[in-house]
Amino acid sequence: MTHRRSWRLYRSIHGLSLFLVTAVIGSPDHALAHGQPGGGPIPGGPSGGAAGPNQAGQEEKDGPAEEAPKDKQALRPVQAIVAQPVGRRRLQLFEAHGYLRTRMDYFHRLDLGINQPASNGDPGTKFFPPPEKAPVGEAGNDANCVARLKEKGVSAQKITKRCERRNGISSANMRFRVSPTLHISETVKIHATVDALDNLVLGSTPDSFAGDHAWAPIDLYTRTQVPPSDGNNAFQDSLVVKRVYGHIHFGWGFDLKFGRMPHQWGMGIVANDGNGYDRQERADIVRSLDADYGDSIDSLRMGFDLGEDPRRLHRLTFSWDWASSGPTTAQVLGPEWASGSRVGQEYSLEKFDNVYQVSVSMLRRDDPAMLRRKLSSGEPVINYGAIAWMRMQDVDRPIGAPGLGDGLGGNPTAESDLNPDGFTKNGATLGNGEQDAEGRTGLQNYAQHLMYRRAMIVTPDVWMRVNWRTLRVEFEAAAVLGYFSHRDLSIGPANLDTLTIGELERSTLSQAGYALEFKYGMFDDRFHVGLDQGFATGDRQPPRNYDPMSPLPNSYEASGDTNLTAFRFNPAYVGDMLLFRELLGTASNAVYFKPWLAFYTFQDNASLRVDIEYAFAQHKSATPGASARSYGLEINGAVRYHDTRDPIFVQLQYGVMFPFGAFDVPSASGTNVDAEAAQSLQIQMGIGF
């Protein structure tokens, strides 16, 4: 009985409350609609939450049932509730990746002992001894090695030995790279790459740099380092924005990218963004952060995903690239024609001098996370792809014409007699909004120098990677095929502004190269053995200044062959310490074999690695010595610490390159000068994020 009385009292109070709510706002349903977003039941109320006494199957028999109200308008809410808009879920708005690195290098005898400067001081090759070391037998001023030892009364024999040892160059540099990403939504992103103090040589911007600081008239009195500033104490500012591009991925498999973006394909022997390459090795962070070069491209890129299973997805991609647009209105006509001044936006001055590039590719490539998941199942994983770039240009400046930046800094007009070969800048500057000595504007100068280039270059590239457990075999091969017109390089540049079509020559390009990498892990993947092997065709004539990065031969007409066959690896790909990275700059006219061993210890936090590289030339006539093929043998050893929990690393490495006959150059007397070994000791530290 007590229970029934309590229940009657509860129903009486509940009914009274409903009556009061109805009288005030019109309907109990309206109160319920405001009790929870969306008009749902109030948690714990009669229709939800805690159960009432009659919800256990009991039927209340006291009193008649209440009759529903006749007025249907009373059941409607006073104001309609707008449905919650359905939008794309926003992820973390801002994401940043990048690294901070510091490198300390010591190079010994980078000139290989074969440097023989000309009478005008031109080293003739890219190798040079330290400025403080004067050639033996030449006194120079009193600051060099020979003069100082003579002052101390040292014998000539000892002077020769001591000064020969002064072949070292030491330096240290740093870089802070930030690659932020703005997640506008799940499918819309904006990426960027910003470098601060990019490869800044430590100690290179003291307050005494200009020699006019009140507190530091000479370096000895310097008090502080100041930020690098373009045109003041450096050739670039302390903060450089290198890339910004947008990325939109539509739900039906369409992918769109636009802006200035990284340029990478395959292993990177042709297109390499310099951000490092994931080889599924624990020491990847060391190789990724110790990079010097990197390609960016202005592009509109459209991709189409073929297939629904992300594990087997292929992507077909088309791109339109602005490889070069020629000078802009501001570069030729001056600052008044820059954005926001005389014109709202500066624009390309000429359409037909643009270097347009189109590409089409098909790629099947797993991202690193998916690749690791597949390898954990024990099945082999095969990735592959093919791409072809086509580059076209109609008109252009002739080789040796003034550079587009000549007028920006007010450089004086280059005289043709200073550069009689015509390979470097000659003629009047293009202008910075003013007139030159002949009364011509930059626009007139540029129009006067244009010539018929009529160029087309096609670069096909194939890539394949096979992973199985601890095995990785990766291969990339590419070719460069095409043609272009140019002035006769055997004739001086005196007539650069009056070139006719009849005075032009035509060259063809037929170049090829490949790279192969093999790695296998043993003993629970703690001991790695590997082999890197590659080949790049070469010309029969050496490149200018024996620099394989130059596409122009040293003596263009000497062989009577206008077919350029020297393929050049992207300099961001090479992985040794001295031969290709420092002495030659890249792999060209070369065949190389590099076996290596690596051992991981201290719970994979540290590793030891040894590389042995042997290389020889395809054409011995294109080597510095021009009498032998063998470049030399290089041995590198490294001790590395790479934390498995935090993205940090420290590396100490040593390398020595023993040059062979390809570097034995003839002396003035006709006998060959034997090249001597080059060495390097390097320390790197980095933090990735």
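Computed over heavy atoms, backbone and side chain alike; hydrogens, waters and symmetry mates excluded.
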Any [X] side-chain heavy atom under 4.5 Å of [Y] side chain:
X      : Y      : result
Leu375 : Trp468 : no
Tyr631 : Phe663 : yes
Arg453 : His486 : yes
Arg364 : Arg315 : no
Asn272 : Gln264 : yes
Arg103 : Met174 : no
Arg568 : Pro551 : yes
Asp539 : Asn589 : no

- Item | Phe599 vs His528, ring-ring contact (aromatic ring centres under 6.0 Å, His included): CA-CA, chis, key distance, verdict | CA-CA 6 Å; Phe599 176 70; His528 292 182; 9.9 Å; no
Angle between ring planes, [X] versus [Y], binned at 30° and 60°: parallel, tilted or perpendicular?
X      : Y      : result
His191 : Tyr245 : parallel
Phe689 : Phe176 : tilted
Trp265 : Trp389 : perpendicular

- Message: Taking the cut-offs as 6.0 angstrom to the six-membered ring centre and 45 degrees off its axis, would you call Arg301 and Trp320 a cation-pi pair?
- Response: no
- Item | Axial cation check for Phe484 ring with Arg506, 6.0 Å and 45° limits | no
- Query: Looking at Asp290, Asp198, Asp292, which one forms a salt bridge (Lys or Arg N to Asp or Glu O under 4.0 Å) with Arg175?
  - Reply: Asp198
- From CA spacing to verdict: ring-ring contact (aromatic ring centres under 6.0 Å, His included), Tyr600, His642: CA-CA 10 Å; Tyr600 290 84; His642 32 78; 5.7 Å; yes
- Task: Kindly check if the number of other-residue, nucleotide or ligand heavy atoms within 6.0 Å of CZ (Arg526) is above 12?
- Result: yes
- Item | Heavy atoms of other groups near Lys620 NZ, more than 12 under 6.0 Å | no
- Would you call Lys519 and Glu281 a salt bridge, taking side-chain N to carboxylate O under 4.0 Å as the test? no
- Salt bridge between Asp576 and Lys594, side-chain N to carboxylate O under 4.0 Å? no
- Item | Thr317 (side chain) donor-acceptor with Gly303 (main chain) under 3.5 angstrom | no
- Task: Look only at the side chain of Glu476 and the backbone of Gly268, and say whether a donor-acceptor pair between them is shorter than 3.5 Å.
- Result: yes
